[in-house]
Amino acid sequence: MLENINGDFKNKDILSLDQFSTEDIGIIFRLTRKMKDIAVNARPSKFLEGKIVALIFYEPSTRTFSSFSAAVKRLGGQTIEVLDPQHFSSVSKGETLADTIRVLEAYCDCIVLRHPQKGAAETAARAAFFLPVINAGDGTGDHPTQALLDMCTIHEKHERLDNLTGVIAGDLLNGRTVHSLIKGLSLYKNNTLYLLSPGELKLSRQDYTNFREKGINLIKIESVKDMPGNADFWYWTRVQKERFESFKSYEKVKNKFIVTKELVKKYAGNKTIIMHPLPRVGEIDIEVDSDPRAVYLRSQIHNGMYVRMALVSLVLGKNES
Ligand code: NCD
């Protein structure tokens with residue numbers, strides 16, 4: 001259920017950044033630092049010994065799936081991995097999500113779910129009587145663990161999560177990572193986000209209104225010329241092809257904005273970090289990868305595993321490492 005964390009993660013479902021306070025995020029980041037030490041120094045850990053986490057992914061995933069799996073294993077826990085349940089589980093026989101969850105909860109201590117439908121993680125959380133469900137991406141809805149790792153990456157660089165100016169570009173209508181990141185940054189004061197997208201991929205009116213009500217300053221722009229100079233971060237995203245009704249409508253709007261060396265030279269500053277949740281499909285030129293400000297194939301990836309090590313531990317009732 002969408003229950004506030006209030007400093008106590010044990011057995012809580014993690015569905016949306018709306019459940020968090022800045023203190024809760026502080027708790028995760030403190031434990032994340034300890035988790036980084038375990039992972040970087042390959043320290044053997046029995047922190048999650050005896051625990052089994054089920055990873056049920058109805059949609060493709062590289063980073064989220066592998067980093068959750070690695071996170072549990074680095075801490076001595078084990079995983080049940082159900083990939084593509086539409087073909088490789090009784091879902092192919094017509095079993096509902098709720099029944100699938102009820103069955104799997106008999107075998108494990110926590111369920112991590114990715115699903116193409118917005119709201120599916122909440123449905124799963126309602127179905128699960130005994131254990132917590134972590135949302136690993138529900139359709140166009142939310143992707144809270146991605147936002148936590150994104151915020152951890154911003155914090156690592158700027159040592160704060162307030163008074164930031166950022167650019168978020170790409171598919172703001174369908175991108176769940178964007179929705180969760182905006183919710184997360186709304187918890188802190190004085191953040192301004194420039195939202196760069198083609199008209200067709202703007203935030204939905206409802207999302208825009210909801211986010212604004214949380215107090216974050218959102219500025220919609222449709223041209224790179226309107227980007228602020230020397231922003232604290234750029235967060236580029238992929239146009240979400242799988243959410244379009246036809247390939248033609250996707251082709252019409254894909255890759256309107258591409259990060260090139262020239263764009264970085266013109267608009268980024270010394271302190272600007274360049275982020276992307278990945279996968280990228282052409283919206284960041286590979287020439288930019290070697291720029292030290294590009295963190296998408298560096299710390300952003302690593303932080304994904306550390307943050308998930310911390311979050312799974314907290315949800316399973318462990319805080320001290
Ligand atoms: C994102 C997702 O699945 O929402 N990927 C990820 O988890 N890093 C972004 C995307 O697919 O565009």
Side-chain angles (χ1 to χ4, degrees), residues 14-17 55-71 81 83-86 112-122 124 133-154 166-184 195-198 200-201 203-204 207 233-244 250-251 253-259 273-284 289 294-309 311-312:
I14 305 296
L15 305 176
S16 157
L17 262 284
L55 309 178
I56 313 171
F57 278 60
Y58 285 72
E59 271 192 340
S61 169
T62 300
R63 281 146 291 270
T64 309
F65 175 76
S66 312
S67 62
F68 263 115
S69 181
E81 307 191 342
L83 281 171
D84 198 4
Q86 297 93 321
V112 176
L113 175 75
R114 168 167 289 191
H115 198 281
Q117 260 157 30
K118 185 174 173 174
E122 197 168 343
V133 171
I134 300 179
N135 183 4
D138 64 322
T140 59
D142 274 288
H143 195 345
T145 62
Q146 177 73 41
L148 290 170
L149 79 89
D150 293 335
M151 289 158 71
C152 175
T153 306
I154 297 171
V167 177
I168 301 190
D171 192 346
L172 313 183
L173 178 67
N174 301 303
R176 55 193 173 203
T177 67
V178 167
H179 302 157
S180 291
L181 182 59
I182 300 176
K183 281 184 189 174
L195 305 177
L196 172 64
S197 69
E200 296 92 328
L201 299 179
L203 279 181
S204 71
D207 278 341
F233 66 90
W234 290 2
Y235 189 88
W236 238 255
T237 65
R238 167 182 78 91
V239 175
Q240 309 277 297
K241 183 163 116 194
E242 64 275 36
R243 314 288 178 218
F244 284 75
Y250 162 70
E251 287 271 289
V253 288
K254 72 165 195 195
N255 292 0
K256 282 262 164 74
F257 305 110
I258 299 178
V259 180
I273 52 170
I274 304 167
M275 306 173 71
H276 194 303
L278 302 179
R280 66 172 154 182
V281 285
E283 61 283 335
I284 300 187
D289 298 358
V295 296
Y296 44 86
L297 286 168
R298 300 193 182 104
S299 56
Q300 218 181 332
I301 300 287
H302 295 275
N303 287 336
M305 184 175 72
Y306 310 148
V307 162
R308 289 174 176 126
M309 288 166 82
L311 185 71
V312 172

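The residues of the chain are indexed from 1 along the displayed sequence. Indexing begins at 1, ligand by ligand and atom by atom, following the structure's order. These figures come from a predicted structure and were not determined experimentally. Keep in mind that the numbers below use all heavy atoms, side chains included, and drop hydrogens, waters and symmetry copies.
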Pull out every atom of ligand 1 sitting under 4.0 Å from any heavy atom of [X], numbered as shown with elements.
X: T64; answer: 6 (C), 7 (O)
X: P277; answer: 8 (N)
X: T177; answer: 1 (C), 4 (O), 9 (C)
X: P279; answer: 10 (C), 11 (O)

Check whether any side-chain heavy atom of [X] lies under 4.5 Å from a side-chain heavy atom of [Y], and answer yes or no.
X: T237; Y: E283; result: no
X: L181; Y: M275; result: no
X: Q240; Y: T140; result: no

**Request:** Report the member of R63, H143, E59 with the shortest heavy-atom distance to atom 7 (O) of ligand 1.
**Result:**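 Looking at heavy atoms only, the winner is H143.
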Just need the protein heavy atom nearest to [atom], so name the residue and atom and give the distance.
atom: atom 6 (C) of ligand 1; result: L278 O, 3.5 Å
atom: atom 11 (O) of ligand 1; result: R238 NH2, 2.8 Å
atom: atom 3 (O) of ligand 1; result: R176 NH2, 2.9 Å

**Message:** Test of understanding: given a 4.0 Å heavy-atom threshold, classify the contact between Q240 and ligand 1 as side chain, backbone, both, or neither.
**Reply:**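 It is the side chain that touches ligand 1; the backbone stays farther off.
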**Prompt:** Honestly, is R308 close enough over F68, meaning NZ or CZ under 6.0 Å from the six-membered ring centre and within 45° of the axis?
**Reply:** yes
**Request:** Answer yes or no: is there an ion pair linking R243 with D171, defined by an N-O contact shorter than 4.0 Å?
**Result:** no
**Complete:** Value for CG (L15) from CG (D142), rounded to nearest 0.5 Å, stands at 8.5 Å
**Message:** Restricting to side chain to side chain donor-acceptor pair (under 3.5 Å), what partner residues turn up for T177, sequence neighbours left out?
**Reply:** Y235
